[in-house]
Amino acid sequence: MLAKEILQKVRKIQLKVSKLSTDVVSGHYLSAFKGSGIEFDEVQEYIPGDDVRAIDWNVTARTGSPYIKRYVEERELTVVLVVDLSASQRFGTVNTLKSELSAEIAALLAFLAINNNDKVALLIFSDHCELYLPPQKGRKHVLRVIREILAYQPSGVTTNLQEALGFINRVIKHRGIVFILSDFIATDFEPALKSMTRRHDVVAISLEDPGEFELLPLGLIELQDSETGERVLVDTESAAVREVFQRNTLARIDRTVKLFNSCKVDYLRVSTAKPYINTLQQFFLIREHRIR
């Protein structure tokens with residue numbers, strides 16, 4: 001994609017999601033995701049009148065004088081966008097590619113975050129971790145996040161979600177909100193996912209396209225797996241072939257849903273064929289009621 005085309009796409013997304021982030025879902029985002037409450041700041045020498053329940057007994061034992069733990073209120077969050085740019089994301093049969101849909105949703109989440117004075121981090125991955133932008137604030141940083149998702153040319157083609165989640169587990173030390181944007185055509189990422197949910201609030205956003213669910217009766221065609229490169233000749237006129245294709249897709253999604261449910265991970269499905277804003281707004285509302 002040419003630099004001029006990328007800039008035009010960034011501006012288009014910026015205009016669209018800026019309005020959405022201020023007019024539609026910003027209040028729900030603020031209510032749905034809150035800071036961790038209080039965070040440890042330092043130890044200070046005990047002064048008569050301090051709460052004795054705050055005494056740090058380890059420091060007190062070492063120094064021979066009473067010390068207490070001081071905490072500060074923690075309202076800001078770190079929002080981590082884990083974006084799949086493997087080959088299967090460069091697919092779309094309706095309005096847009098899954099990768100472009102991913103960029104738009106990531107942009108909306110990023111704008112919501114900075115409007116709430118939260119930090120935003122980005123990890124782009126394929127079969128390995130491709131690009132990492134550490135948590136920062138500000139509109140300039142968000143625009144770079146959008147630009148990278150749209151313009152980045154990954155060197156990998158398959159999906160290694162295990163490595164991506166493991167990387168975030170290592171580099172993000174404090175509790176954050178991790179949004180995973182992927183089609184989840186991946187295996188063996190359950191251990192890293194379970195480890196992540198012990199520290200972070202995790203939301204999985206599945207990017208889908210109607211062409212992944214139903215084969216049109218177009219006769220004998222050659223299909224190629226975008227990630228493995230494997231080619232196969234398929235008779236799309238056969239009702240049995242179309243049924244097997246759809247059944248396999250639905251079975252894969254069912255396994256993914258069960259995995260996220262077992263790990264207590266929020267799971268959203270968005271499609272290139274439908275507006276995503278209603279799905280996100282409903283999700284924020286559900287979370288808002290859940291944490292009241």
Side-chain angles (χ1 to χ4, degrees), residues 29 32-33 77-91 97-110 112-113 118-135 145-146 148-149 152 154 156 158-172 174-209 212 227 252-272 276 279-280 283-284 286-287:
Y29 168 88
F33 298 103
L77 297 168
T78 297
V79 173
V80 186
L81 304 173
V82 181
V83 179
D84 177 2
L85 282 189
S86 61
S88 62
Q89 295 298 107
R90 297 190 290 275
F91 179 77
L97 300 178
K98 290 192 291 183
S99 59
E100 293 173 337
L101 177 62
S102 178
E104 191 167 314
I105 294 174
L108 175 58
L109 295 170
L112 288 171
D118 297 334
K119 295 179 181 179
V120 178
L122 170 67
L123 173 66
I124 292 175
F125 75 98
S126 57
D127 53 25
H128 62 282
C129 297
E130 299 264 2
L131 173 72
Y132 176 64
L133 301 181
V145 166
I146 302 169
E148 292 291 1
I149 298 173
Y152 191 84
T158 58
T159 308
N160 190 337
L161 197 50
Q162 171 79 6
E163 181 173 330
L165 299 185
F167 177 84
I168 294 300
N169 283 335
R170 292 191 298 273
V171 299
I172 303 296
H174 297 288
R175 184 172 181 82
I177 306 168
V178 180
F179 290 96
I180 310 170
L181 293 96
S182 175
D183 50 21
F184 299 101
I185 303 177
T187 58
D188 302 327
F189 61 91
E190 183 175 354
L193 181 65
K194 286 184 175 179
S195 177
M196 175 171 284
T197 57
R198 287 193 288 268
R199 178 182 297 174
H200 303 295
D201 194 347
V202 184
V203 181
I205 302 178
S206 180
L207 305 154
E208 302 171 355
D209 184 271
E212 299 168 317
E227 297 200 357
R252 174 178 59 79
I253 292 174
D254 184 61
R255 290 192 299 269
T256 303
V257 170
K258 288 179 178 177
L259 171 60
F260 287 132
N261 285 341
S262 69
C263 295
K264 294 181 172 55
V265 170
D266 287 312
Y267 178 66
L268 291 73
R269 294 173 62 183
V270 296
S271 172
T272 57
Y276 61 83
T279 301
L280 284 179
F283 165 65
F284 290 152
I286 291 172
R287 279 194 61 112

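One is the number of the first residue; the rest follow in order along the sequence.
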**Q.** Partner set under side-chain hydrogen bond (donor to acceptor under 3.5 Å, both in side chains) for Gln162, not counting sequence neighbours
**A.** none
**Q.** side-chain hydrogen bond (donor to acceptor under 3.5 Å, both in side chains) partners of Asp266, counting only residues at least two apart
**A.** Arg287, Arg290
So how far is it from [X] [atom1] to [Y] [atom2], rounded to the nearest 0.5 Å?
X: Leu108; Y: Leu280; atom1: CG; atom2: CG; answer: 6.0 Å
X: Arg199; Y: Asn169; atom1: CZ; atom2: CG; answer: 6.0 Å
X: Ile253; Y: Arg269; atom1: CD1; atom2: CZ; answer: 4.5 Å
X: Leu85; Y: Leu181; atom1: CG; atom2: CG; answer: 10.0 Å
X: Leu165; Y: Leu193; atom1: CG; atom2: CG; answer: 6.0 Å
X: Leu161; Y: Ser126; atom1: CG; atom2: OG; answer: 11.5 Å

Quick one: are [X] and [Y] in side-chain contact, heavy atoms under 4.5 Å?
X: His200; Y: Val80; result: no
X: Asp84; Y: Phe125; result: yes
X: Ile172; Y: Pro135; result: yes

Write down the atom of [X], the atom of [Y], and the distance for their closest heavy-atom approach.
X: Met196; Y: Val202; answer: CG-CG2, 3.4 Å
X: Cys129; Y: Glu163; answer: N-OE2, 3.5 Å
X: Ser102; Y: Val83; answer: OG-CG1, 3.4 Å
X: Leu77; Y: Asp118; answer: N-OD1, 2.9 Å
X: Gly166; Y: Ala192; answer: N-CB, 4.1 Å
X: Ile205; Y: Phe184; answer: O-CE1, 3.6 Å

Q: Verify side-chain contact (heavy atoms from CB on, under 4.5 Å) between Tyr132 and Leu122, making sure each step is shown before the conclusion.
A: CA-CA 6 Å; Tyr132 176 64; Leu122 170 67; over 6 Å; no
Q.
Using only atom types and a distance under 3.5 Å, with no angle test, would you say the side chain of Asp201 pairs donor to acceptor with the backbone of Ile177?
A. no
Q) Within the distance-only criterion (no hydrogens, no angle test), does the side chain of Glu130 pair as donor or acceptor with the backbone N or O of Gly156 below 3.5 angstrom? A) yes
Q: Given side-chain contact (heavy atoms from CB on, under 4.5 Å), test Asn261 with Tyr267 step by step and report yes or no.
A: CA-CA 8 Å; Asn261 285 341; Tyr267 178 66; 5.5 Å; no
Q: Show your working on side-chain contact (heavy atoms from CB on, under 4.5 Å) between Lys264 and Thr197 and close with a plain yes or no.
A: CA-CA 8 Å; Lys264 294 181 172 55; Thr197 57; over 6 Å; no
Q) Is it true that atom CG of Asp254 has more than 12 heavy atoms of other residues, nucleotides or ligands lying nearer than 6.0 Å? A) yes
Q: For Thr272 and Leu97, run side-chain contact (heavy atoms from CB on, under 4.5 Å): C-alpha distance rounded to whole Å, both residues' side-chain angles, the deciding distance at 0.1 Å, then the answer.
A: CA-CA 7 Å; Thr272 57; Leu97 300 178; over 6 Å; no
Q | Salt bridge present between Lys98 and Glu212 (N-O < 4.0 angstrom) | A | yes
**Q.** Whether Phe260 and Phe189 hold their rings parallel, tilted or perpendicular, with breakpoints at 30° and 60°
**A.** tilted
